[in-house]
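Since the structure comes first, as structure tokens, the remarks are kept for the end.
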2 protein chains.
Amino acid sequence: MAAAWMAHCGVSTRIVDKRNTKIFCGQADGLQCRSLEIFDSLGFADRAWKEANHMIEICMWNPGTDGVIRRSDRIPDTIVGLSRFQQIVLHQGRIERFFLDNIKKYSADGIQVERGVLPEELEIDESQVEDAEAYPVRVKLRVLTEEEATPEQQISGSKISDGIFRSNLMVGDDEEELIRKSKAREGETEVVHAKYVIGCDGARSWTRRALGFELQGEATDFIWGVMDIIPITDFPDIRMRCAIHSADNGSLMVIPRENGLVRLYIQLKEVTPDASGRADKSKITPEIIFGAAQKILSPYKIEYKYCDWWTAYQIGQRVGTRFAAHNRVFLAGDAVHTHSPKAGQGMNVSMQDTFNLGWKIALVAKGIAPRSILPTYESERRRVAQDLIDFDHRFAALFSGRPAKDVMDAEGVSMEEFKDAFLKGNLFASGLIVEYAAGCLVADGTSGEAKKLASGLPLGMRFNSFKVLNQACARPWHFQERLKADGRFRVVLFAGNVLNEEQKGRVQRFCQAIDAPESFLHTSGTLDGGKRAVEVLTIHSAKRVDTELLRDFPDVLHPFDEDKGWDYNKVFVDDVSYHEGFGDAYKGYGVDPERGCVVAVRPDQYVGWVGELEDVEGLQKYFEGCLVLGKAKEVAVR
Amino acid sequence: MAAAWMAHCGVSTRIVDKRNTKIFCGQADGLQCRSLEIFDSLGFADRAWKEANHMIEICMWNPGTDGVIRRSDRIPDTIVGLSRFQQIVLHQGRIERFFLDNIKKYSADGIQVERGVLPEELEIDESQVEDAEAYPVRVKLRVLTEEEATPEQQISGSKISDGIFRSNLMVGDDEEELIRKSKAREGETEVVHAKYVIGCDGARSWTRRALGFELQGEATDFIWGVMDIIPITDFPDIRMRCAIHSADNGSLMVIPRENGLVRLYIQLKEVTPDASGRADKSKITPEIIFGAAQKILSPYKIEYKYCDWWTAYQIGQRVGTRFAAHNRVFLAGDAVHTHSPKAGQGMNVSMQDTFNLGWKIALVAKGIAPRSILPTYESERRRVAQDLIDFDHRFAALFSGRPAKDVMDAEGVSMEEFKDAFLKGNLFASGLIVEYAAGCLVADGTSGEAKKLASGLPLGMRFNSFKVLNQACARPWHFQERLKADGRFRVVLFAGNVLNEEQKGRVQRFCQAIDAPESFLHTSGTLDGGKRAVEVLTIHSAKRVDTELLRDFPDVLHPFDEDKGWDYNKVFVDDVSYHEGFGDAYKGYGVDPERGCVVAVRPDQYVGWVGELEDVEGLQKYFEGCLVLGKAKEVAVR
């Protein structure tokens with residue numbers, strides 16, 4: 001994800017990975033709504049959407065009074081109306097493939113993952129960290145042999161791929177061992193001088209240890225197994241996401257996957273941690289795990305002939321003490337938060353970390369934004385990580401607990417409480433309720449003015465999507481589709497009813513002001529291709545057929561190019577379409593359809609500022625706080 | 001398209017093309033609804049949909065009483081509700097790319113286009129044509145040098161790519177010339193013995209001439225120019241599809257394209273055919289064409305700095321006398337029908353020709369279908385070609401005519417009549433009203449029984465699409481998405497209300513009958529992967545949550561596999577979805593939601609047979625008429 005930002009923004013970048021292949025099976029699988037919105041902003045949500053299994057419904061199974069499991073509830077897997085996407089499931093290897101293809105497509109200098117390469121040393125020259133032009137981070141890299149870079153798999157009497165080597169129950173296969181082994185190949189090292197380094201190197205992050213940072217938190221006693229199989233079963237809901245609590249044999253979650261696969265998360269009640277707090281890995285085999293699943297699912301029968309992958313883990317919730325060193329070296333993903341996988345959060349929150357961080361580093365590296373925006377990474381994402389850990393703590397306890405026999409059974413988990421937690425959990429898991437606090441990138445909303453102007457666009461939250469039509473060609477678009485991840489901030493002008501004379505005047509005055517030579521529009525830096533760092537998009541609320549792009553909208557809203565003529569892709573209308581209904585965007589965004597308002601949107605689609613059309617000064621101040629503005633544009637005498 | 005069928009059905013195939021590259025610009029661009037449905041059945045409609053420009057609205061411009069053009073009407077470009085797709089525009093080169101990728105993906109033996117290869121001789125051994133196992137067609141191929149295979153472009157004082165070398169105004173660059181030139185390279189020839197040959201080699205088809213067949217019809221006096229430019233203009237509807245009739249300067253059609261391009265079709269009133277009926281090509285330059293456009297668009301201004309492609313053509317409507325020789329060598333596309341390009345039909349009708357033909361040849365070549373289905377290609381597609389020519393004749397005359405000054409102006413074209421023709425034309429152009437006549441592949445509907453059972457699924461027309469939910473996982477699908485182009489016929493069981501005891505009995509008896517050892521289901525041939533040539537899909541109308549796949553539906557509707565368990569992808573329900581509304585499929589298909597019916601669907605998605613659940617004999621007879629059925633399955637004693 002971080003590399004995708006660099007490719008889209010044109011920043012010279014290297015990625016190294018100690019593994020010598022990408023992931024082919026197993027690992028993470030769930031993709032939440034927000035991740036799909038992000039994929040869309042990068043350009044490949046459609047590939048994931050097409051290949052994935054779509055999880056539509058969650059079925060809750062609990063023991064009846066006779067102790068036999070039965071379906072007690074059905075709820076939608078994704079809360080209706082939250083996003084234009086819903087949760088889907090696809091294995092991590094495909095998602096890595098989409099990223100590799102996307103990076104290749106957008107990267108001018110061909111960013112590629114260098115595999116089998118390991119960092120050995122990391123140094124930050126503290127005297128230079130505040131110099132925007134400096135390269136204060138020194139990283140020593142070592143190239144591994146193929147043998148060194150191939151992880152040794154623990155084949156427990158089974159020929160199937162297993163993932164236990166990356167499970168937190170294992171201690172082997174770490175970097176020290178690899179470095180020790182590779183000493184024989186002296187000289188195959190390289191020193192890289194970097195402006196910025198991001199460690200996305202997992203729960204046992206080498207970068208984190210090199211910085212001396214820690215994860216805080218604890219492991220629980222809950223041990224779970226995971227299997228990806230093609231099930232042969234009479235269980236009726238095997239293609240639904242199921243949460244199954246058996247009376248005495250533990251819990252099981254069913255995650256239907258692509259290509260007929262089903263992932264089972266299986267509580268291993270018979271495997272417990274020893275005195276050191278760590279479970280005995282020798283006890284964990286596919287047979288043990290599957291036997292537990294069969295007991296939980298009884299009286300239904302389940303068998304399999306094909307297993308794609310299996311692993312086991314001990315639930316632990318930990319969050320990093322610090323996310324960045326001198327705002328030069330950053331940690332993201334499992335390197336700063338670990339938790340149980342069952343809410344389908346791991347890959348999502350991790351990708352969202354670097355989706356938050358990548359554009360900030362890119363814009364700072366290119367001199368478009370000041371270094372002062374970088375601390376917002378830790379302030380924004382650490383809170384998300386903490387919320388995730390708290391959520392996971394509650395959720396995992398409810399999931400791993402024994403179901404209550406009746407209302408008097410205080411030690412048991414109430415199934416009503418569990419369902420309620422699941423519903424709330426889905427909202428959290430969607431990634432859509434993340435709200436970044438006020439700072440240089442998010443205006444302070446305490447006055448309540450922003451909420452009054454655009455109640456559907458809360459400051460610090462992602463810009464929601466409704467369908468609008470292109471004014472020039474009447475094509476319907478989800479407005480979020482126009483907020484591409486190209487590193488640009490956007491000013492969205494809700495122009496209101498432009499056919500009203502008074503409002504037309506307000507729009508004209510706004511346009512005149514932002515078109516002034518000293519405006520952020522003409523003084524912000526440029527990205528590759530010469531595009532300024534701020535783009536203006538318009539949504540108006542008059543009738544499409546009563547308005548015309550060139551006649552009713554000031555030039556700055558559809559700029560003229562000497563070679564390509566007018567820009568027909570910047571003005572949209574909240575009106576009914578022939579084939580896709582009415583998006584009702586003004587209503588959805590909570591904006592007055594007569595008077596409109598102005599919204600500034602960050603490159604990652606989060607709402608940064610909301611104000612009246614008259615508050616160009618406030619808008620200018622917002623950009624002064626997060627962009628490096630140059631001198632006023634020289635204007636030719638007309 | 002033909003090769004795509006062969007790839008999907010696993011038929012050994014070669015494609016030769018005398019050109020040495022694929023198309024990079026210009027040529028055809030419009031994709032109609034039916035073509036997109038076909039692309040979806042092959043697996044790549046999403047790629048076209050994503051890259052293309054979507055044409056939403058048609059604007060009609062006509063002279064007012066003052067002679068100045070003004071917008072008189074707006075109509076939707078695609079009739080609302082016809083299809084889940086709408087007309088889009090994307091240049092032919094991209095579509096060729098999607099086909100090449102699709103063929104590569106599905107072809108087991110790597111079918112590739114052999115470029116710069118020319119047929120020299122074609123012979124059919126008539127004594128063998130009825131022997132299904134024979135290879136009675138002998139084709140001699142010659143490999144061209146790169147120079148020979150590169151068409152000489154006519155660069156009329158312009159450095160831009162032009163398409164005039166393929167225009168019907170040119171006579172050079174034909175096969176005889178290429179063959180003459182290549183004589184120097186004696187010996188670089190190859191003889192191929194083929195079961196079947198398809199000539200998709202354009203309006204001057206070598207194959208057609210080798211067979212001695214002709215195109216019948218005439219050229220008109222109307223000369224048109226075409227330019228793909230990025231326009232710089234104040235014309236307000238430049239991003240709409242526009243039909244513009246000027247008072248005295250001729251007509252113009254605007255086709256907005258991808259990447260800011262706009263295609264202009266421009267009537268050249270100043271260029272007229274000479275005594276031989278052919279226009280003087282020396283008069284046709286980009287300057288002449290664009291000058292005509294500027295006059296038509298006046299008082300609006302139009303200029304350009306970038307031109308992607310240009311060409312000119314003389315409207316001619318011709319249709320082939322015969323489409324096949326001995327049902328061994330077939331002609332398709334421009335080789336058997338030529339017409340004006342403005343209705344966006346050329347590429348579409350041509351692709352639909354081989355979409356009709358390909359599976360027939362594939363199934364016959366594999367011994368799954370008898371040779372007796374092959375004559376349906378000519379009977380089904382010649383009528384379409386004739387309808388197209390008739391349509392084009394009327395449409396082109398209306399388009400090329402001078403607008404009537406008033407109701408008394410009998411020589412002028414009434415703009416009301418033109419609009420009406422445009423609306424009807426859009427329905428025709430969509431490709432969705434094609435109706436194949438009764439024959440061995442389409443049952444006779446004269447009794448009216450089929451219409452009574454499924455009024456929304458007329459015999460001989462394509463199986464319309466409504467959203468249904470997968471019974472096992474609640475995922476909404478457009479039902480047509482389940483009718484993939486894999487060579488299989490399908491029986492769609494509208495199972496009705498399976499919770500009604502009487503109806504349940506009807507469904508059980510139907511299933512028992514089609515599961516009998518001698519049924520088409522067990523006696524039809526097998527495609528690659530061992531799949532029988534007929535698949536059964538079910539749509540029922542009871543509530544999803546009240547029904548269960550394994551409990552309420554006989555096994556034959558969700559067959560069991562030793563390795564993969566039950567098939568969860570064959571039973572669907574007409575019910576409301578959480579996120580995508582209610583498809584109302586029974587209503588759309590016009591089927592009684594209590595009693596249902598049975599529909600047989602051809603591999604190309606056309607409705608072949610409709611009957612009651614009790615009419616298994618009729619269904620069996622339908623398949624006996626179009627498939628080679630083997631001996632009864634041996635059934636193990638239970």
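Numbered from 1 within each chain, the chains take letters A, B, ... in sequence-line order.
Between A472(A) and M240(B), the closest heavy-atom pair is O-CE, 3.5 Å. Scanning all heavy atoms of the two residues, the minimum distance from T233(A) to W566(B) falls at O-CD1, 3.4 Å. The two residues L550(B) and D234(A) make their nearest non-hydrogen contact at CD1-CA, 3.8 Å. When all heavy atoms of R475(A) and I56(B) are compared, the closest pair comes out as CA-CG1, 3.6 Å. Nearest heavy-atom pair across Y578(B) and R74(A) is OH-CB, 4.4 Å.
The neighbour count for K305(B) NZ, taken as heavy atoms of other residues, nucleotides or ligands under 6.0 Å away, is above 12. The neighbour count for K484(A) NZ, taken as heavy atoms of other residues, nucleotides or ligands under 6.0 Å away, is above 12.
For T78(A), the parts lying under 4.5 angstrom from a heavy atom of chain B are both the backbone and the side chain. For I75(A), the part lying under 4.5 angstrom from a heavy atom of chain B is the backbone only. No part of L469(B) comes within reach of chain A, as not one of its non-hydrogen atoms sits under 4.5 angstrom from that chain. Proximity to chain B involves both the backbone and the side chain of D563(A), based on heavy atoms less than 4.5 angstrom apart. Contacts of E562(B) with chain A are made by both backbone and side-chain atoms, with heavy-atom separations under 4.5 Å. For chain B, the nearby part of R71(A) is the side chain; its heavy atoms alone come within less than 4.5 Å. For P231(B), the part sitting under 4.5 Å from any heavy atom of chain A is the backbone (N, CA, C, O) and nothing else.
H579(B) places no side-chain N or O within 3.5 Å of a backbone atom of I79(A) that could act as its donor or acceptor partner.
Note: I230(B) CD1 to D561(A) CG = 9.0 Å, rounded to the nearest 0.5 Å. Rounding to the nearest 0.5 Å places CG of N569(B) at 7.0 Å from CZ of R239(A). From D46(A), atom CG reaches atom NZ of K50(B) across 3.5 Å, with rounding to the nearest 0.5 Å. Taking NE2 of H54(B) as the reference point, atom SG of C473(A) lies at 9.5 Å (rounded to 0.5 Å).
Ranked by non-hydrogen atom pairs under 4.5 Å with chain B, the options R544(A), R551(A), R241(A) are led by R544(A). The greatest number of non-hydrogen atom pairs below 4.5 Å with chain A, out of D567(B), I229(B), N53(B), V80(B), is found for V80(B).
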